[in-house]
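Written out below as structure tokens is the structure these notes cover.
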Amino acid sequence: MDNEILYTIVLSRINYFGIAGIAELYHQMGSATAVIDHRHHLRDILPHAHPRLVEALQGLDEPMKRAEAELEFIRRHHIRPLCFGDDDYPQRLRECDDAPLMLYYLGNADLNRRRVINIVGTRHATTYGKDLIRRFCHELREMCPDVLIVSGLAYGVDICAHREALACGIDTVGVLAHGLDDLYPHQHRETARQMVDQGGLLTEYMSQTNADKRNFIQRNRIVAGLSDACILVESAHRGGGLITARIAQSYHRDVFAFPGPVGAQYSEGCNNLIRDNGAMLITSAADMVRAMGWESDRQLAQVRQQGIERQLFPDLTSDEQLIVDALSHINDLSLSQLSTQTSLPVAQLSALLFTLEMKGVIRPLAGGMYHLLI
């Protein structure tokens with residue numbers, strides 16, 4: 001396992017310099033170890049491999065030395081390396097074509113939590129925006145107590161979302177645009193420290209990586225990819241929050257936005273996105289919960305708190321139970337995703353899903369997704 005971690009770091013190091021084909025090679029061969037072991041025969045595996053890729057994988061002295069130092073760093077600081085093929089790697093992110101091969105994680109929250117949302121927006125949050133976030137988090141805590149809130153630990157909406165989540169007892173994860181040996185902005189260090197105990201810090205970047213401008217754009221795709229839904233609170237007509245919302249759209253994730261006063265600088269982006277059907281208008285957490293079909297979470301939480309044990313679906317066949325188990329782990333899956341998770345043929349799966357719908361166990365959603373009603 002150590003070799004796989006080491007070699008994934010090596011490939012990530014090479015990939016950082018924009019050499020095309022690394023990810024394709026990894027996915028084709030199934031592991032970093034396989035790529036490194038067969039690096040001298042790349043043309044046999046990937047005939048169209050770019051000469052730069054072939055060259056980069058021959059001279060591994062520098063990336064290997066750097067990877068060994070990084071492995072020592074993460075061990076020393078109790079950082080969890082998450083390789084693309086690991087069970088703990090975020091499943092939602094794994095579905096995205098541009099998911100990183102390696103993540104570095106410092107924290108205790110499950111990144112495959114049943115409900116994950118991101119809250120993003122301007123770095124110049126107004127009193128109006130901060131009040132929206134405060135009410136949203138408190139309402140969400142009551143309706144979906146097991147939710148995970150993701151953001152980018154930046155000024156404005158991001159840090160407000162993290163702090164309100166902490167105050168409500170909601171786990172929150174910050175996605176960084178640099179390595180875990182530093183924190184930007186420095187003013188958020190205390191909040192970040194609390195997040196390690198109630199959520200976590202996540203990055204695709206090795207230590208000694210500066211918070212360069214391009215890294216923030218790259219960071220936004222991870223924020224979007226980790227989540228079931230993107231919540232845009234305030235945004236000018238351009239900004240990082242809008243970029244995250246558009247990436248979320250490209251990943252077929254639900255996007256919601258709070259409206260603001262017409263003509264207000266930091267509501268323009270939200271209002272435009274709603275106007276152009278790029279986001280659903282919400283005024284509260286309840287609006288989002290209803291749109292996502294998460295209404296049952298509160299009732300289930302109350303049942304668990306009361307210690308009531310009940311058999312939700314007593315008359316399931318073994319194949320039906322496979323589907324329920326898959327949706328219990330990650331809800332709202334497509335037919336093809338369910339087929340992969342359960343190893344059931346699509347034709348048989350379609351019939352089983354219809355039966356489960358008739359039993360009131362699941363319901364179909366827009367876009368060909370299936371939602372478990374628990």
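Quick caveat: nothing in here was measured; it's all calculated off a predicted structure.
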Would [X] and [Y] count as having a side-chain donor-acceptor pair, cut-off 3.5 Å?
{"X": "His162", "Y": "Thr172", "answer": "yes"}
{"X": "Asp287", "Y": "Thr283", "answer": "yes"}
{"X": "Glu234", "Y": "Thr126", "answer": "yes"}
{"X": "Ser334", "Y": "Ser336", "answer": "yes"}

Looking at [atom1] of [X] and [atom2] of [Y], how far apart are the two atoms once the value is rounded to the nearest 0.5 Å?
{"X": "Ile274", "Y": "Ser267", "atom1": "CD1", "atom2": "OG", "result": "9.0 Å"}
{"X": "Ile247", "Y": "Asn118", "atom1": "CD1", "atom2": "CG", "result": "10.0 Å"}
{"X": "Thr191", "Y": "Gln198", "atom1": "OG1", "atom2": "CD", "result": "11.5 Å"}
{"X": "Ser207", "Y": "Ile74", "atom1": "OG", "atom2": "CD1", "result": "9.5 Å"}
{"X": "Ile14", "Y": "Arg66", "atom1": "CD1", "atom2": "CZ", "result": "13.5 Å"}
{"X": "Glu320", "Y": "Leu322", "atom1": "CD", "atom2": "CG", "result": "10.0 Å"}

Are [X] and [Y] packed together at the side-chain level, in the sense that at least one heavy-atom pair is separated by less than 4.5 angstrom?
{"X": "Met292", "Y": "Phe256", "value": "yes"}
{"X": "Cys160", "Y": "Val157", "value": "no"}
{"X": "Arg114", "Y": "Ile330", "value": "no"}
{"X": "Leu201", "Y": "Val173", "value": "no"}
{"X": "Leu353", "Y": "Ile323", "value": "yes"}
{"X": "Trp294", "Y": "Asn331", "value": "no"}
{"X": "Leu273", "Y": "Leu242", "value": "yes"}
{"X": "Ile149", "Y": "Asp171", "value": "no"}

hydrophobic_cluster_shared for Phe216 and Val150, side chain cutoff 4.5 Å: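 The answer is no; the residues belong to distinct hydrophobic clusters.
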Check for me, please, whether Tyr184 and Leu202 land in the same ILVMFWY cluster - side-chain distances under 4.5 Å, paths through other members count.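 The answer is no; the residues belong to distinct hydrophobic clusters.
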Which pair of non-hydrogen atoms, one from Cys83 and one from Glu4, has the smallest distance, and what is that distance?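 Closest approach of Cys83 to Glu4, heavy atoms only: SG-O, 4.2 Å.
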Over 12 foreign heavy atoms within 6.0 Å of [atom1], [X]:
{"X": "Glu55", "atom1": "CD", "answer": "no"}
{"X": "His252", "atom1": "NE2", "answer": "no"}
{"X": "Asp276", "atom1": "CG", "answer": "yes"}

By the side chain to side chain donor-acceptor pair (under 3.5 Å) test, which pairs, at least two apart or in different chains, include something from residues 91-105?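 Listed once each, the pairs are Gln91-Arg94, Arg92-Asp228, Glu95-Gln337, Asp98-Tyr251.
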Does any pair with a residue in residues 72-84 pass side chain to side chain donor-acceptor pair (under 3.5 Å), and if so which ones, sequence neighbours excluded?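 For residues 72-84, and leaving out neighbouring residues, the side chain to side chain donor-acceptor pair (under 3.5 Å) pairs sorted by first residue read Asp2-Arg75, Arg80-Asp88.
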Side-chain (Ser227) to main-chain (Val223) donor-acceptor, under 3.5 angstrom: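 At least one qualifying donor-acceptor pair exists.
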Do side-chain atoms of Asp332 reach the backbone of Met369 as a donor and acceptor pair under 3.5 angstrom?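 Not a single qualifying donor-acceptor pair exists.
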Show your working on side-chain contact (heavy atoms from CB on, under 4.5 Å) between Leu153 and Val175 and close with a plain yes or no. CA-CA 7 Å; Leu153 207 68; Val175 184; over 6 Å; no
Closer than 4.0 angstrom, basic N to acidic O: yes or no for Arg219 and Glu204?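 No, no charged N to carboxylate O under 4.0 Å.
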Between Glu190 and Arg193, does any side-chain N to carboxylate O distance fall below 4.0 Å?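 Counted as a salt bridge, because a side-chain N and a carboxylate O are separated by less than 4.0 Å.
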Do Phe258 and Phe136 pass the side-chain contact (heavy atoms from CB on, under 4.5 Å) test, and can you show the C-alpha distance, the side-chain angles, and the key distance before you say yes or no? CA-CA 10 Å; Phe258 282 96; Phe136 182 89; 3.7 Å; yes
Hey, would you say the His188 and Tyr155 ring centroids sit under 6.0 Å apart?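 Between Tyr155 and His188, which both carry aromatic rings, the centre distance is below 6.0 Å.
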Please list, chain by chain and in numerical order, all residues satisfying side-chain contact (heavy atoms from CB on, under 4.5 Å) with [X], sequence neighbours excluded.
{"X": "Asp131", "value": "Thr127, Arg134, Arg135"}
{"X": "Gln348", "value": "Asp319, Leu344, Pro345, Leu352"}
{"X": "Ala154", "value": "Arg123, Asp158"}

Looking at residues at least two apart in the chain, or sitting in another chain, which of them share a ring pair (Phe, Tyr, Trp, His ring centres under 6.0 Å) with His27?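 Listed in chain order: Phe84.
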By the definition side-chain contact (heavy atoms from CB on, under 4.5 Å), identify the one residue from Leu176, Leu180, Thr203 that meets it with Leu106.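 That would be Leu180.
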Are Glu164 and Lys130 close enough, and set up right, to give a salt bridge (charged side-chain N to carboxylate O under 4.0 Å, His left out), and what steps lead you there? CA-CA 9 Å; Glu164 290 301 335; Lys130 293 174 183 177; over 6 Å; no
